[in-house]
Amino acid sequence: MEHLPRSWFERPASELAPALLNKLVVSRIDPAPVVGRIVEVEAYEEHDPASHTFGGPTARNRVMFGPAGHLYVYLSYGIHRCANVVAGSEGAGQAVLLRALEPVAGIETMRARRPGRRDRDLADGPGKLCQAMAIDLLHDGVDLTDPDAPLTIHDDGVAAPAAPLVGPRVGITKAVDVPWRFRLPPAS
DNA sequence: AAAGAGATGGTCT
DNA sequence: GACCATCTCTTTT
């Protein structure tokens with residue numbers, strides 16, 4: 001289980017996004033670690049009308065303008081949290097939205113956090129995965145490259161798919177035509 | 001199986 | 001005061 005250095009994250013969000021597929025998100029927010037494999041992501045860049053950074057720096061989006069490899073968390077629809085990995089060079093204003101995880105470890109904890117859901121529904125959405133991993137607004141700005149951070153990203157040797165599924169982003173009203181959503185292909 | 005609507009609160013104009 | 005990078009439950013086919 002290899003730790004990814006900050007330099008690995010320092011590339012455009014549209015390039016980082018497919019590279020994040022099959023990487024592991026490790027949550028140590030609770031006593032027992034919870035691990036999920038990234039299976040769906042979306043890229044957001046600064047000149048993108050759908051990005052939170054489109055209008056320039058604000059109190060909410062300041063983490064997106066900081067160094068790559070940090071976590072950007074925001075409140076969605078007043079109810080859900082959404083987690084992003086900051087991309088690009090410092091000051092750029094880019095990030096990759098984590099859209100879906102597949103449980104790898106700590107599934108009992110995930111079930112306890114999302115009672116009554118089928119296992120396949122534990123983390124298969126941006127809000128759902130934050131519930132399953134216990135990611136909250138408190139974690140906005142966490143350095144994912146710090147081994148002691150409550151949230152980290154690891155590489156367990158499973159390569160990103162050579163040909164990920166690519167399509168338009170969802171849940172947005174602007175720049176819906178850009179093919180910046182990436183998913184693992186169907187199980188082999 | 002698909003479609004519709006309500007929940008709920010921070011952020012920005 | 002409008003606008004959401006969503007989820008869940010209910011209703012209809």
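Letters A, B, ... mirror the listed sequences (proteins, then strands); counts begin at 1.
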Side chain to side chain donor-acceptor pair (under 3.5 Å) between Gln131(A) and Arg114(A): does it pass, once the steps are laid out?
CA-CA 7 Å; Gln131(A) 274 185 241; Arg114(A) 292 183 45 73; 3.3 Å; yes
Apart from Ile172(A) itself, residues in the same hydrophobic cluster as defined by side-chain heavy atoms under 4.5 Å:
Tyr44(A), Leu97(A), Val176(A)
Heavy atom of residues 120-127 of chain A under 4.0 Å from DNA chain C: which residues?
Gly125(A), Pro126(A), Gly127(A)
Select base, sugar-phosphate, or nothing to describe what Arg181(A) touches, counting heavy atoms under 4.0 Å on all strands.
nothing
Same cluster for Leu144(A) and Tyr74(A) if Ile/Leu/Val/Met/Phe/Trp/Tyr side chains link at under 4.5 Å?
no
For DNA chain C, list all stems, counting runs of three or more consecutive pairs where every pair is Watson-Crick or G-U wobble with both distances under 3.5 Å.
B:1-7 with C:6-12, B:9-12 with C:1-4
Of all nucleotides in DNA chain B with an atom under 4.0 Å from a non-hydrogen atom of chain A, which is the first and which the last going 5' to 3'?
dA7(B) to dC12(B)
Other ILVMFWY residues reachable from Tyr77(A) by side-chain steps of under 4.5 Å:
none
In terms of hydrophobic clustering (I, L, V, M, F, W, Y; side-chain heavy atoms under 4.5 Å; direct or indirect links), are Leu129(A) and Leu24(A) co-clustered?
no
Going by the ring-ring contact (aromatic ring centres under 6.0 Å, His included) test, which pairs reach into residues 126-171 of chain A, not counting sequence neighbours?
His3(A)-His154(A)
Which residue pairs pass the side chain to side chain donor-acceptor pair (under 3.5 Å) test with at least one member in residues 100-111 of chain A, sequence neighbours excluded?
Glu108(A)-Arg111(A), Arg111(A)-Asp119(A)
Under 4.5 Å between side-chain heavy atoms, hopping through other hydrophobics if needed: is there a path connecting Val85(A) to Val26(A)?
no
Near-strand residues of residues 85-106 of chain A, defined as heavy-atom separation under 4.0 angstrom from DNA chain C
Leu97(A), Arg99(A)
Within residues 47-56 of chain A or reaching into it, pairs that qualify as side chain to side chain donor-acceptor pair (under 3.5 Å) - sequence neighbours excluded:
Asp48(A)-Arg169(A), Ser51(A)-Thr53(A), His52(A)-Tyr72(A)
In Å and rounded to the nearest 0.5 Å, what is the CG to CD1 distance from Leu20(A) to Ile153(A)?
5.5 Å
For DNA chain C, what residues of residues 163-173 of chain A have any heavy atom nearer than 4.0 Å?
Gly171(A), Ile172(A), Thr173(A)
Note: Lys128(A)-Asp124(A) ion pair, threshold 4.0 Å (strictly below)
yes
At the 4.0 Å heavy-atom cut-off to chain A, mark where contacts on DNA chain C begin and end, going 5' to 3'.
dC4(C) to dT8(C)
So, Asp140(A) and Arg60(A), do they make that salt bridge, N to O below 4.0 Å?
no
Got a donor-acceptor contact below 3.5 angstrom from the Asn22(A) side chain to the Ala159(A) backbone?
yes
Roughly how far apart are Arg99(A) CZ and Glu42(A) CD, rounded to 0.5 Å?
4.5 Å
Going by number, which of residues 42-78 of chain A have a non-hydrogen atom under 4.0 Å from DNA chain B?
Thr58(A), Arg60(A), Leu75(A), Tyr77(A), Gly78(A)
Min side-chain heavy-atom separation Pro103(A)-Met110(A) under 4.5 Å
yes
Sugar-phosphate, base or nothing in reach of Arg81(A), heavy atoms under 4.0 Å:
nothing
Measure the spacing between OG of Ser27(A) and CD1 of Ile135(A) and express it to the nearest 0.5 Å.
6.5 Å
